[in-house]
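In what follows, a structure is listed as structure tokens, so that the remarks can point back to it.
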Amino acid sequence: KKEVMFRMQLPHYPNILREGGGKLLIAACSVEGTVFIIDLNSGKIAVTISESSLIYLRDVLIAEDCMLIATELKGVLKFSLRDGSPVTPHVQIPAETKPNVLTALGSQFLFVGCDNGLLRLFHLNTCECITDLEGHSARLNTLNILENNWLISAGNDERALVWNLHHLKKEIEEKKQGTEKHSAENISCTIVSSDGCEVLTALWDGDVKVWDVDTGNIGVKTPELWLQ
């Protein structure tokens with residue numbers, strides 16, 4: 001029987017939750033531009049960050065002792081998990097390529113998926129841009145790192161791409177043909193199987209499919225069996 005650790009009433013409705021090492025819980029309220037850092041041991045709010053630059057924030061990523069927040073107007077901002085103070089340098093993103101989703105590869109690299117489909121790679125510590133990966137034509141909604149150094153990106157262009165991070169080049173591209181094409185339906189999220197061999201994509205129309213990473217074709221397992 002599972003028991004509730006604690007109950008907490010936040011002053012604002014959180015639309016993003018991120019867990020940090022079993023010790024912290026990040027609750028972000030996009031509309032109000034407020035982020036709460038909650039101590040899971042005490043069940044109390046340890047730090048509150050509220051800034052106008054965080055209004056309509058899009059994603060939150062915990063990396064080492066910092067928290068990175070993708071904002072609509074100020075690029076990707078960094079804050080200390082200890083006291084919520086700003087950490088410089090920030091990740092500078094041009095206004096026309098607004099960041100929408102974040103993920104990190106270890107403690108060195110940061111991937112930023114943008115509104116225009118651009119996938120940008122940064123040094124996590126210096127926030128310097130290393131390169132831009134092109135392949136998407138619309139907003140990126142989800143980024144997932146596989147343990148064997150592959151990155152899966154998907155978004156509003158109805159495509160999921162698998163990237164070889166070691167060589168920083170695209171290896172496999174998922175294409176929908178014929179009856180398998182989801183017209184005008186965007187990929188909202190992806191999940192990678194535990195063995196890294198298959199990818200599950202969920203679309204806004206409620207459809208879910210499993211894809212083979214090696215071939216880019218629909219896998220033999222049904223979503224029900226895969227989830228079990």
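The structure presented is a predicted model; accordingly, all values stated were derived computationally and were not measured. Counting begins at 1 with the first residue of the sequence.
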With a 4.5 Å cut-off on side-chain heavy-atom distances among I, L, V, M, F, W and Y, is there a chain of contacts connecting Leu57 to Leu81?
yes
Calculate, to the nearest 0.5 Å, the distance between atoms NZ and CG belonging to Lys98 and Asn116 respectively.
11.5 Å
Going through the checks in order, is the side chain to side chain contact (heavy atoms under 4.5 Å, CB included) test met by Phe36 and Val47?
CA-CA 6 Å; Phe36 302 99; Val47 177; over 6 Å; no
For Arg58, the salt bridge (charged side-chain N to carboxylate O under 4.0 Å, His left out) test, sequence neighbours excluded, returns Glu72, Asp115
Ile26/Val35 under side chain to side chain contact (heavy atoms under 4.5 Å, CB included): CA gap, chis, key distance, verdict
CA-CA 7 Å; Ile26 306 297; Val35 178; 3.6 Å; yes
Suppose we screen for side chain to side chain donor-acceptor pair (under 3.5 Å). Which residues come up paired with His136, at least two apart in sequence or across chains?
Ser153, Asp157
Evaluate Asn141 against Asn156 for side chain to side chain contact (heavy atoms under 4.5 Å, CB included), listing each step before the verdict.
CA-CA 7 Å; Asn141 294 324; Asn156 289 4; 2.6 Å; yes
Distance, nearest 0.5 Å, that separates CG of Leu102 from CZ of Arg120
13.0 Å
Grab the two heavy atoms, one from Ile38 and one from Gly43, that are nearest each other, plus how far apart they are.
CG2-C, 4.4 Å
Asp39: what forms a salt bridge (charged side-chain N to carboxylate O under 4.0 Å, His left out) with it, not counting sequence neighbours?
none
Separation between CG of Leu24 and CZ of Arg82, rounded to the nearest 0.5 Å:
12.5 Å
For Ser53, which residues count as a side chain to side chain donor-acceptor pair (under 3.5 Å) partner, sequence neighbours excluded?
Glu51
Treat each ILVMFWY residue as a node, draw an edge where side-chain heavy atoms are under 4.5 Å apart, and state whether Val76 and Ile69 are in one component.
no
With Ser137, which residues qualify under side chain to side chain donor-acceptor pair (under 3.5 Å), at least two apart?
none
All heavy atoms of Gly106 vs all of Leu124, minimum pair found to be O-CD2, 4.3 Å
Please confirm whether the backbone N or O of Leu140 pairs with a side-chain atom of Asn100, one donor and one acceptor, at under 3.5 Å?
yes
What donor-acceptor contacts under 3.5 angstrom involve side-chain atoms of residues 9-23, with partners at least two apart or in another chain?
{"residue": "Asn15", "atom": "OD1", "partner": "Ser30", "partner atom": "N", "Å": "2.9"}
{"residue": "Arg18", "atom": "NE", "partner": "Val60", "partner atom": "O", "Å": "3.0"}
{"residue": "Arg18", "atom": "NH2", "partner": "Asp59", "partner atom": "OD1", "Å": "2.7"}
{"residue": "Glu19", "atom": "OE2", "partner": "Gly21", "partner atom": "N", "Å": "3.1"}
{"residue": "Glu19", "atom": "OE2", "partner": "Gly22", "partner atom": "N", "Å": "2.1"}

ILVMFWY cluster, Leu73 and Ile49 together (side-chain gap under 4.5 Å)
no
Transitive ILVMFWY side-chain link Ile45 to Leu40, under 4.5 Å
yes
With Leu151, which residues qualify under side-chain contact (heavy atoms from CB on, under 4.5 Å), at least two apart?
Thr103, Phe111, Leu119, Leu143, Ile145, Trp163, Leu165
Rounded at 0.5 Å granularity, tell me how far SG in Cys129 sits from CG in Leu110.
10.0 Å
Taking the side chain as every heavy atom from C-beta outward, state whether Trp150 and Val162 have any pair of such atoms under 4.5 Å apart.
yes
Only counting residues at least two apart or in another chain, list the ones meeting side-chain contact (heavy atoms from CB on, under 4.5 Å) with Glu128.
His123, Thr126
For Ile93 and Phe122: C-alpha separation, side-chain torsions, deciding distance, then whether side chain to side chain contact (heavy atoms under 4.5 Å, CB included) applies.
CA-CA 11 Å; Ile93 304 286; Phe122 294 86; 3.5 Å; yes
To the nearest 0.5 Å, tell me how far Arg139 CZ sits from Leu118 CG.
14.5 Å
Over all atoms of both residues, closest heavy-atom pair of Lys78 and Cys127:
CD-SG, 3.6 Å
With sequence neighbours excluded, what pairs up with Asp83 under the side chain to side chain donor-acceptor pair (under 3.5 Å) test?
Ser80, Ser85
Taken in chain and number order and not counting sequence neighbours, the residues that satisfy side-chain contact (heavy atoms from CB on, under 4.5 Å) with Asn125 are none
Write out all pairs satisfying side-chain hydrogen bond (donor to acceptor under 3.5 Å, both in side chains) with one or both partners inside residues 60-71, taking only residues at least two apart or from two chains.
none
Phe79 versus Leu54: any side-chain heavy-atom pair under 4.5 Å?
yes
Please answer: with hydrophobic residues joined when any side-chain heavy atoms are less than 4.5 Å apart, are Leu77 and Ile62 in the same cluster?
yes
